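Starting from 1, each residue takes its place in the sequence as its number. Since this is a predicted model, take the numbers as computed values, not measurements.
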Amino acid sequence: MSSHPFSNSHAVKRLYAQIEGIADPVKKVELLESLKTIIHAAEQMWDNLAELPGSLARDSQCSALDLLSRTPQISMMPTAVPPSKYPSARRDEKIIDDLHGVKIADPYRWMEDPENADTKKWVDELNNVSEPFLKEAPTRENLREKLTAIWDFPKFGGISTRGGFYYTSHNTGLQNQ
């Protein structure tokens, strides 16, 4: 660890201690390298915040430390999905727009139609890769509960007219849109 104030924080020392407790040597090395990268970026942010005037610098630095101290147990973090496992999206080179005389290719426009069979297939393949990774995330259920609590309130839409009738919308909280 460096002598930088951020690197010597309790939160960083806690994360290093968690990594030391990991039995898998490959995962331990991966996490140590990731943590070093994060700390380097955080040290640069810390130094940049120090240039702010007076108490604003101190408050910003304290917020950065607070954010780091709230990180989940790093030993339980899921490992990354290798890029080779992601499905390849086909390119449709036939779609070219002419915008004011400039030709612009849009090879992935087919993805804009959620009912397209190719789009559904690609989304299913992507979900097959991401779902196992997301299921391993230790904070997923906690995040789901917090978001549910945030979104659970009545919503009322504005009034509009169509064909001589007035319309408005109402959602009791967690109804689909």
Looking at [X] and [Y], would you say the former's side chain and the latter's main chain have a donor-acceptor pair under 3.5 Å?
X	Y	answer
T172	P154	no
K155	F153	yes
D97	L99	no

Pair E93 + R109: basic N to acidic O under 4.0 Å |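 Salt bridge between E93 and R109, a charged N being under 4.0 Å from a carboxylate O: no.
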Salt-bridged, D24 to K27, with N to O below 4.0 Å?
->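 Not counted as a salt bridge, because no side-chain N and carboxylate O are separated by less than 4.0 Å.
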Close side-chain approach of [X] and [Y], heavy atoms under 4.5 Å:
X	Y	result
P87	L126	yes
I96	D106	no
T119	E112	no
R90	W110	yes

More than 12 heavy atoms of other residues, nucleotides or ligands under 6.0 Å from CD1 of I159: is that the case?
->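 Check fails, neighbour count at 12 or below.
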With rounding to the nearest 0.5 angstrom, report the [atom1] to [atom2] distance, [X] to [Y].
X	Y	atom1	atom2	value
D152	N171	CG	CG	9.0 Å
T168	H170	OG1	NE2	9.0 Å
M111	W122	CE	CH2	4.0 Å
D124	N128	CG	CG	6.5 Å

Evaluate side chain to side chain donor-acceptor pair (under 3.5 Å) for R91 paired with Y108, printing each intermediate quantity in order.
-> CA-CA 6 Å; R91 293 177 57 96; Y108 301 108; 3.2 Å; yes
Name all residues meeting the ring-ring contact (aromatic ring centres under 6.0 Å, His included) criterion together with F165; count only those two or more places apart in sequence or in a different chain, and write none if there are none.
->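 So F165 forms no ring-ring contact (aromatic ring centres under 6.0 Å, His included) with any residue.
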How far apart are the C-alpha atoms of L174 and W151, what are their side-chain angles, what is the distance that settles it, and do they pass the side-chain contact (heavy atoms from CB on, under 4.5 Å) test?
-> CA-CA 7 Å; L174 296 175; W151 291 331; 4.1 Å; yes
